[in-house]
Amino acid sequence: MTAFRDFDQTLATLNAQTGGQYVYYTATTLPNGLEPFAVINEEPAHTALISVDDAKKHHISYEGETFTRIILDIEDALNTPGLTATIGQTLASLSIPCNIVTGYYHAHVFVPTSKAKDAIDMLNDLARQARGWMKSEV
């Protein structure tokens, strides 16, 4: 029962806020001065998440939709089993694709910009529901 209570407590602290627009950029060598949010070193090239502003500054062209970074101000994101799966599954229920990158202090969810508002509303609603579950346990 403790694991579920800890999960609910963690989920109840979730606060979703936007953190800018990003694009995926692939290259075998990243340009000097580029400041990616994240880099995945893979074959055949690096994949970098870069801000739209940085892409423009470095004359990097991109096609397709941009992604909005949603910052989840959430306690203990790294140590809560099932947290990112729940977030991904919740967004998938609304047909919102997401890519989750978890740091030590925050989880970052990248969603198509066209669906960002719906994603934020859903995530904040999920936290409100969890806070309701916590009240019923008292």
Problem set entry | Criterion side chain to side chain contact (heavy atoms under 4.5 Å, CB included) on His46 and Thr28, from CA distance to verdict | CA-CA 6 Å; His46 304 290; Thr28 54; 5.7 Å; no

For this session: Grab the two heavy atoms, one from His58 and one from Pro31, that are nearest each other, plus how far apart they are.
Result: ND1-CB, 4.5 Å

Exercise. Side chain to side chain contact (heavy atoms under 4.5 Å, CB included) between Lys56 and Ser51: does it pass, once the steps are laid out?
Worked result: CA-CA 9 Å; Lys56 290 176 183 175; Ser51 70; over 6 Å; no

Exercise. Hey, mind stepping through Leu72 and His106 against side chain to side chain contact (heavy atoms under 4.5 Å, CB included) and telling me if it holds?
Worked result: CA-CA 6 Å; Leu72 301 182; His106 305 285; 5.9 Å; no

Exercise. If two hydrophobic side chains count as joined below 4.5 Å and joins carry through other members, does Tyr22 share a cluster with Ile96?
Worked result: no

For this session: Determine, stepwise, if the pair Leu123 / Ile70 fulfils side chain to side chain contact (heavy atoms under 4.5 Å, CB included).
Result: CA-CA 10 Å; Leu123 291 168; Ile70 300 173; 4.3 Å; yes

Problem set entry | Closest heavy-atom pair and its distance - Ala12, Arg131 | O-NH1, 2.9 Å

Problem set entry | Taking every non-hydrogen atom, the tightest pair across Ile71 and Gly19 | CD1-CA, 3.9 Å

Seminar exercise, completed: Residue set satisfying side chain to side chain donor-acceptor pair (under 3.5 Å) with Asn32, at least two apart, ordered chain then number -> none

Exercise. Is the shortest heavy-atom distance from the side chain of Thr86 to the side chain of Leu126 under 4.5 Å?
Worked result: yes

Exercise. Quick one: side-chain hydrogen bond (donor to acceptor under 3.5 Å, both in side chains) pairs with a partner in residues 116-126, sequence neighbours left out?
Worked result: Lys117-Asp121, Asp125-Gln129

For this session: Grab the two heavy atoms, one from Ala16 and one from Leu14, that are nearest each other, plus how far apart they are.
Result: N-CD2, 4.0 Å

Problem set entry | Glu43: partners by side chain to side chain contact (heavy atoms under 4.5 Å, CB included), with sequence neighbours left out | none

Exercise. Is there any salt bridge (charged side-chain N to carboxylate O under 4.0 Å, His left out) pair reaching into residues 31-41, and which pairs are they, with sequence neighbours excluded?
Worked result: none

Seminar exercise, completed: Sorted by chain and residue number, the side chain to side chain donor-acceptor pair (under 3.5 Å) partners of Thr18 (sequence neighbours excluded) come out as none

Exercise. Tracing side-chain links under 4.5 Å among I, L, V, M, F, W and Y, which residues wind up in one group with Ile50?
Worked result: Val23, Tyr25, Leu30, Leu34, Val39, Val52, Ile60, Tyr62

For this session: Output all residues satisfying side chain to side chain donor-acceptor pair (under 3.5 Å) with Glu63, sequence neighbours left out; order by chain, then residue number.
Result: none

Problem set entry | Listed once per pair and sorted, the salt bridge (charged side-chain N to carboxylate O under 4.0 Å, His left out) pairs that draw on residues 85-96, sequence neighbours left out | none

For this session: Would you indicate whether the side-chain heavy atoms of Pro36 and Leu49 approach each other to under 4.5 Å?
Result: no

Could you list the donor-acceptor pairs under 3.5 angstrom formed between side-chain atoms of residues 109-116 and any protein atom two or more places apart in sequence or on another chain?
{"residue": "Thr113", "atom": "OG1", "partner": "Thr66", "partner atom": "O", "Å": "3.1"}
{"residue": "Thr113", "atom": "OG1", "partner": "Thr66", "partner atom": "OG1", "Å": "2.8"}
{"residue": "Thr113", "atom": "OG1", "partner": "Thr68", "partner atom": "N", "Å": "3.4"}
{"residue": "Thr113", "atom": "OG1", "partner": "Thr68", "partner atom": "OG1", "Å": "3.0"}
{"residue": "Ser114", "atom": "OG", "partner": "Glu65", "partner atom": "OE2", "Å": "2.5"}
{"residue": "Lys115", "atom": "NZ", "partner": "Ser95", "partner atom": "O", "Å": "3.2"}

Problem set entry | Student check: side-chain heavy atoms of Thr102 and His108 closer than 4.5 Å | no

For this session: Please identify each residue that fulfils ring-ring contact (aromatic ring centres under 6.0 Å, His included) with Phe67, with sequence neighbours left out.
Result: Tyr24

Problem set entry | Residue pair Ser93 / Met122: nearest heavy atoms and the distance that separates them | OG-CE, 3.9 Å

